[in-house]
Amino acid sequence: MPVESASVADRLLHYYDCHARRLPWRAPPGTNATDPYRVWLSEVMLQQTTVAAVIPYFEAFTARWPTVADLAAADDAALMSAWAGLGYYARARNLLACARVVARERGGRFPSSEAELRGLPGVGAYTAAAIAAIAFGARAVVVDANVERVVARLFAIATPLPAARAEIRQRTDAITPEARAGDFAQAMMDLGATICTVRNPACGICPLRETCAAFATADPTAFPLKAAKKARPQRSGDVWWIVRDDAVWLERRPAKGLLGGMRGLPTSAWIADASPTPKPTTSIQVPIGAPIGGQWDRLPMPVTHVFTHFALSLTVHIGTADSDCTMPGDGEWWPLAAIGDAGLPTLFAKVADAVMNREDALCRRLPQP
DNA sequence: CACTCGTGGTT
DNA sequence: TAACCAAGAGT
């Protein structure tokens, strides 16, 4: 077929046949061995998460839980710990719920239709379409952030996101082929990840540049247009590092909400801060709201962490509990030597690191005059 | 539609 | 360095 008359899908599939990224969840070239379990697991892990971050987690999960039945039988705490560090922990809770539905109610087989997939926990419009197309060969319209960018540029869509979503979906539908919709979707994502990037796109080697409306403009990166974003507020609070007999007190956080279901250190409430940036702790005083009595040391600098919608600064308080001390709340004494196995989310892993690796920097209690 | 919900890499 | 952003879902 002459290049001039090749469709967008034709060019993209040829690009994919020559340049597809080799990724652990993709079948080897020339084979059709698509395991829906692996497709589903990879798609959930890849939600709002980069390929580089996902790969080691995907390898660890598939080695430990080779089938959806294995995953369904996993211990809740073990799964949450295995997910620790990957973020968006509702995905891990929904992953387990979904695995148990598939294992117990569907004989361990994922549904093949987009509509049925859409009803599973943690499977939204994107993931249902991606699984239907990639794992089951269905023609589904797969729209993620890469596709949004590529399509917005292909057609120079002037409407800003998120209002442009309907038009982008319609355009994507129009260029999605009947056959190989899964390869087409993965080709779009490969293109978006490696050529049609947010900044500095490699238009010179793009297989679609001849028909790209944005390439014909002065600045292809102007697309997609986006609505202005809100400023990220600053919050601050206290975190308590309580040691007893070479163990630290860890809590199990409530199942819902921020870091829901994960282990963590006890903290105060996090209060909106008038100051836009965290400040070093300056005053020596008995901290308010400590879980136990006694005296406290304190790290000279707070631990800072940036979440999606706010930034946090935690003052780290260090105390010692008596051997017969009764702790409030749902928690356990975790051996300090095994703190790396506690499955702490990054925020609390930062606190642990700050305490255990910079003990020389402690703010010692001032001697009483 | 608007908001919550993590983290790490890139620029 | 501060900002931006990633194979989005749930409410």
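Lettering of chains follows the sequences in order, A, B, ..., and the numbering in each one begins at 1.
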Pick base, sugar-phosphate or nothing for A/Ala125, based on heavy-atom distances below 4.0 Å to the nucleic acid.
-> sugar-phosphate
Contacts of A/Val123 and A/Arg26 projected onto DNA chain C by closest heavy atom; the upstream (5') one is A/Arg26
Using links of under 4.5 Å between side-chain heavy atoms of ILVMFWY residues, direct or through other members, which residues join A/Tyr126 in one cluster?
-> A/Val142, A/Met189
Distance, rounded to the nearest Å, where A/Gln48 contributes CD and B/dG9 contributes C1' = 15 Å
Does A/Thr346 put a side-chain nitrogen or oxygen below 4.0 Å from OP1 or OP2 of B/dG6?
-> no
With the side chain of A/Arg91 defined as its heavy atoms from C-beta on, choose the nearest nucleotide among C/dC4, B/dG6, C/dA9.
-> B/dG6
Pick the P atom in B/dG6 and in C/dT11, then give their distance to the nearest Å.
-> 14 Å
Euclidean distance, atom NZ of residue A/Lys229 to atom C1' of C/dA3 [Å, nearest integer] | 9 Å
Rounded to whole Å, the CZ-C1' distance (A/Phe348 to B/dT7) equals 15 Å
Could you give the CD-to-P distance, from A/Gln47 to B/dT7, as a whole number of Å?
-> 16 Å
Touch check for A/Thr49, heavy atoms < 4.0 angstrom, all strands: base, sugar-phosphate only, or nothing?
-> base
Ion pair check, A/Arg64 and A/Asp75, cut-off under 4.0 Å | no
Figure out the CZ/C1' separation between A/Arg118 and C/dG8, and round it to whole Å.
-> 10 Å
So does A/Asp190 pair up with A/Arg26, basic N to acidic O under 4.0 Å?
-> yes
Give A/Val44 one of three labels, base, sugar-phosphate or nothing, depending on what nucleic acid heavy atoms sit under 4.0 Å from its own.
-> nothing
Fellow cluster residues of A/Tyr88, listed by chain then number, with links counted only when side-chain atoms sit under 4.5 Å apart = none
Only counting residues at least two apart or in another chain, list the ones meeting salt bridge (Lys or Arg N to Asp or Glu O under 4.0 Å) with A/Glu332.
-> A/Arg263
Of A/Arg199 and A/Ala163, whose nearest nucleotide on DNA chain B comes first from the 5' end?
-> A/Ala163
Got a sec, which residues hit salt bridge (Lys or Arg N to Asp or Glu O under 4.0 Å) with A/Arg93, two or more places apart in sequence or on another chain?
-> none
Close residues, residues 142-161 of chain A, relative to DNA chain B [heavy-atom separation under 4.0 Å] = none
Separation of atom CG in A/Leu46 from atom P in B/dG6, rounded to whole Å | 18 Å
Proximity to the side chain of A/Pro345 - top-ranked nucleotide from C/dA9, C/dA7, B/dT7 | B/dT7
Residues at least two apart in sequence or cross-chain that pass side chain to side chain donor-acceptor pair (under 3.5 Å) with A/Ser42, listed by chain then number, are none
Report which part of the nucleic acid A/Ile131 touches: base, sugar-phosphate, or nothing (heavy-atom distance under 4.0 Å, all strands).
-> nothing
Quick one: which of C/dG8, C/dC4, C/dA7 gets closest to the side chain of A/Trp25?
-> C/dA7
Can you find a side chain N or O atom of A/His305 that sits less than 4.0 Å from OP1 or OP2 on B/dT7?
-> yes
When you compare B/dA2 with C/dA7, how far apart are their P atoms, in angstrom units rounded to a whole number?
-> 24 Å
Counterpart residues, ring pair (Phe, Tyr, Trp, His ring centres under 6.0 Å), relative to A/Trp25 (two or more places apart) = A/Phe58
Residues passing the ring pair (Phe, Tyr, Trp, His ring centres under 6.0 Å) test with A/Phe136, sequence neighbours excluded, are none
Please report, rounded to the nearest Å, how far the P atom of C/dC5 is from the CG atom of A/Leu225.
-> 12 Å
Does the pair A/Tyr37 and A/Leu71 meet the rule for a side chain to side chain contact (heavy atoms under 4.5 Å, CB included), with working shown?
-> CA-CA 10 Å; A/Tyr37 168 66; A/Leu71 191 66; 3.9 Å; yes
Could you give the CG-to-P distance, from A/Leu344 to B/dT7, as a whole number of Å?
-> 11 Å
Mind listing the N/O atom pairs, protein and nucleotides 2-5 of chain B, below 3.5 Å?
| residue | atom | partner | partner atom | Å |
| --- | --- | --- | --- | --- |
| B/dC5 | OP2 | A/His309 | NE2 | 3.1 |

Apart from A/Leu161 itself, which Ile, Leu, Val, Met, Phe, Trp or Tyr residues share its cluster (side-chain heavy atoms under 4.5 Å, direct or through members)?
-> A/Val8, A/Leu12, A/Leu13, A/Tyr15, A/Val141, A/Val143, A/Val147, A/Val150, A/Val151, A/Leu154, A/Phe155, A/Ile157, A/Ile168, A/Ile175, A/Phe184, A/Met188, A/Leu191, A/Ile195, A/Ile205, A/Leu208
With no hydrogens and no angle check, is any side-chain donor or acceptor of A/Arg139 less than 3.5 Å from a backbone partner on A/Thr176?
-> yes
Looking at every strand, decide which applies to A/Ser42 at a 4.0 Å heavy-atom threshold: base, sugar-phosphate, or nothing.
-> nothing
Find out if a path of hydrophobic residues (ILVMFWY) with successive side-chain heavy-atom gaps under 4.5 Å connects A/Met356 to A/Val303.
-> yes
Of A/Glu43 and A/Gly122, whose nearest nucleotide on DNA chain C comes first from the 5' end?
-> A/Glu43
Considering only heavy side-chain atoms of A/Thr50, the closest of B/dT7, C/dA7, C/dA6 is C/dA6
Just checking A/Arg21: base, sugar-phosphate only, or nothing, at a heavy-atom cut-off of under 4.0 Å?
-> base
Taking only heavy atoms on the protein side, list every residue of residues 65-86 of chain A lying under 4.0 Å from any atom of DNA chain B, sorted numerically.
-> A/Gly85, A/Leu86
List in chain and number order the residues that pass side chain to side chain donor-acceptor pair (under 3.5 Å) with A/Thr197, two or more places apart in sequence or in another chain; answer none if no residue qualifies.
-> none
Residue whose closest nucleotide on DNA chain B lies nearer the 5' end, A/Asn200 versus A/Leu347 = A/Leu347
